[in-house]
Amino acid sequence: MSPDRTRRRPDRNLALELVRVTEAAAMAAAPLVGRGEKEEADQAAVDGMRFMLQSVQMDGVVVIGEGEKDEAPMLYNGEHIGDGSPPEVDIAVDPLEGTALAAHGMPSALSVIALSSRGTMFDPGPCVYMEKMAGSPEIVDLLDLDRPLGDTVELIAERKRSSVNDVMVVVLDRPRHRDGIAAIRAAGARVRLIPHGDVSAALLAVTERSPVDLLWGIGGTPEGVISAAAIKCLGGQLLGRLWPRDEQERRATLEAGYEVERVLDRDDLVAGDDIFFSATGVTDGDVLEGVRYPHAGGASTESLVMRARSGTVRRISARHDREKLRAVVGNSGSA
């Protein structure tokens, strides 16, 4: 592919710059892990992430953020991020995915960011939730939101040449999933219930040698877009269908021009291949190790950094001197 001399397309590997952003957010939130203060932990992550984003050379617009401007004074939907120079990009952020997980010291809290060319990222509009299914490249042709779940897990077992008893499906622990969980178990498969963490679960479902074979359930639409960006880098597929919570939200979704019955795939949620993704662990989990303090004044982080066009996936372990970091960036992002 010839170079983009206009610099409108993200040609350099922005993911290597974005890892500094998720590291800063993770380290800012980490001192609040286990303190029971999820709003404070989330705000710390937002502050750390936003501070570092200002230094990234890009003209970014937040498509998936912390909410509307009045509700989220920083990293709100529509906010311009970066130094204003090319390339022009869409941004999806979750500075602290799993705020309750972090607040209670539970596994799998992450800081995540995804970036793609301007105009390529799905805007969820008024619909907060979507039904999702995700799996690895080995089973992408078996994913179907309309087929009974029991039949799907049986097909997965057949494809993997294993017993259906070996198939594990990760599902958010919510009352709305009761019937689906029952169908999975009736087929003989197993269920891993998680309290929070859609993005972490989606990563787990498509990662090689993972204990999980499939993600299914109704979760946040914004998390679905972020997960789709990660899956386009890793391989695999994510299917989603908007799930209005009530008739008022359904009407608003239809009036905004969305097709409620349409099944969206990863390319509908994030188009093209100029996609970058970074995630840093806040607490230990199956996908990433959380922030740790190996000695006084030091911190260690583990991050997953990916680029869709090249298919490159990097796992980055870093050591940080918190005092030196404070001298460079101030209190924001320095843990």
Side-chain angles (χ1 to χ4, degrees), residues 22 26 64 92-102 104 106-114 124 128-140 142-143 145 149 152-153 156 167-178 180-181 183-185 189-241 243 264-266 269-270 277-290 302-304 306 313:
T22 55
I64 304 292
V93 299
D94 198 342
L96 184 55
E97 201 233 358
T99 55
L101 298 177
H104 299 301
M106 298 172 68
S108 300
L110 301 174
S111 174
V112 298
I113 186 169
V128 176
Y129 287 99
M130 69 181 348
E131 182 182 8
K132 307 172 203 174
M133 182 177 284
S136 68
E138 185 180 3
I139 64 166
V140 292
L142 304 180
L143 303 183
L145 290 176
L149 267 174
T152 296
V153 296
I156 291 172
V167 175
M168 178 71 80
V169 184
V170 62
V171 183
L172 277 172
D173 189 4
R174 301 290 186 273
R176 61 179 176 265
H177 294 149
R178 180 180 55 196
I181 291 169
I184 294 166
R185 288 173 172 165
R190 298 174 295 149
V191 175
R192 176 187 283 202
L193 292 173
I194 57 170
H196 305 280
D198 274 25
V199 177
S200 176
L203 289 170
L204 196 59
V206 301
T207 301
E208 291 182 2
R209 297 183 297 276
S210 167
V212 167
D213 300 287
L214 183 72
L215 162 77
W216 173 81
I218 297 161
T221 307
E223 288 83 356
V225 176
I226 295 173
S227 297
I231 288 172
K232 288 198 71 168
C233 298
L234 280 168
Q237 181 61 280
L238 182 143
L239 302 181
R241 181 162 51 202
W243 191 81
L264 307 165
D265 64 17
R266 65 180 198 176
L269 295 170
V270 189
F277 177 90
S278 177
T280 300
V282 178
T283 60
D284 288 348
D286 291 297
V287 177
L288 288 168
E289 183 180 282
E302 186 179 35
S303 303
L304 197 61
M306 305 185 286
V313 178

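Shortest non-hydrogen contact noted between C233 and V313 is O-CG2, 4.2 Å. When every heavy atom of L145 is checked against every heavy atom of G240, the shortest pair comes out as CD1-C, 4.0 Å. Nearest heavy atom pair, residue P222 against residue V128, reads CD-O, 3.7 Å. Contact between G285 and P107 at its shortest, heavy atoms only, is CA-CB, 4.4 Å. Listed here is the closest heavy atom pair of V206 and L234: CG2-CD1, 3.7 Å. Nearest heavy atom pair, residue A201 against residue I194, reads CB-CD1, 3.6 Å.
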Residue pair F277, V112: steps toward the side-chain contact (heavy atoms from CB on, under 4.5 Å) verdict:
CA-CA 8 Å; F277 177 90; V112 298; 4.1 Å; yes

Between V140 and R266, is the side-chain contact (heavy atoms from CB on, under 4.5 Å) condition met? List the steps.
CA-CA 11 Å; V140 292; R266 65 180 198 176; over 6 Å; no

When you look at T152 and I156, which way does the side-chain contact (heavy atoms from CB on, under 4.5 Å) test go after all the steps?
CA-CA 6 Å; T152 296; I156 291 172; 4.0 Å; yes

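The distance from atom CG of L238 to atom CD1 of I231, rounded to the nearest 0.5 Å, is 4.5 Å. Once rounded to the nearest 0.5 Å, the distance linking CG of L215 with OG of S136 reads 12.0 Å. With values rounded to the nearest 0.5 angstrom, L214 atom CG is found 11.5 Å from L204 atom CG. Atom CG of residue L110 and atom CD of residue E302 lie 10.5 Å apart, to the nearest 0.5 angstrom. Here CE of M130 is found 13.0 Å from CH2 of W243. Values are rounded to the nearest 0.5 Å.
Taking A92 as the reference, I64, A114, M121, I226 meet the side chain to side chain contact (heavy atoms under 4.5 Å, CB included) condition, with sequence neighbours excluded. With sequence neighbours excluded, no residue forms a side-chain hydrogen bond (donor to acceptor under 3.5 Å, both in side chains) with S227. Residues that satisfy the side-chain hydrogen bond (donor to acceptor under 3.5 Å, both in side chains) test with S108, not counting sequence neighbours, are absent from this structure. T22 meets the side-chain hydrogen bond (donor to acceptor under 3.5 Å, both in side chains) test with S278, T280; sequence neighbours excluded. Shown here are the side chain to side chain contact (heavy atoms under 4.5 Å, CB included) partners of V171, two or more places apart in sequence or in another chain: V169, H177, I181, I184, V191, L193, W216. Shown here are the side chain to side chain contact (heavy atoms under 4.5 Å, CB included) partners of A109, two or more places apart in sequence or in another chain: L96, L101, A102, V282, T283.
You'll find the side chain of L264 stays beyond 4.5 Å of the side chain of R241, heavy atoms only.
Counting only residues at least two apart or on different chains, no salt bridge (charged side-chain N to carboxylate O under 4.0 Å, His left out) pair has a member in residues 214-227. Listed by first and then second residue, the salt bridge (charged side-chain N to carboxylate O under 4.0 Å, His left out) pairs that reach into residues 280-290 are R192-D286, D284-R292, E289-R292, sequence neighbours excluded. For the side-chain hydrogen bond (donor to acceptor under 3.5 Å, both in side chains) condition, the pairs that include at least one residue of residues 196-208, sequence neighbours left out, are K132-D198, R174-H196.
Checking side-chain atoms of E97 against main-chain N and O of V199 turns up a donor-acceptor pair under 3.5 Å.
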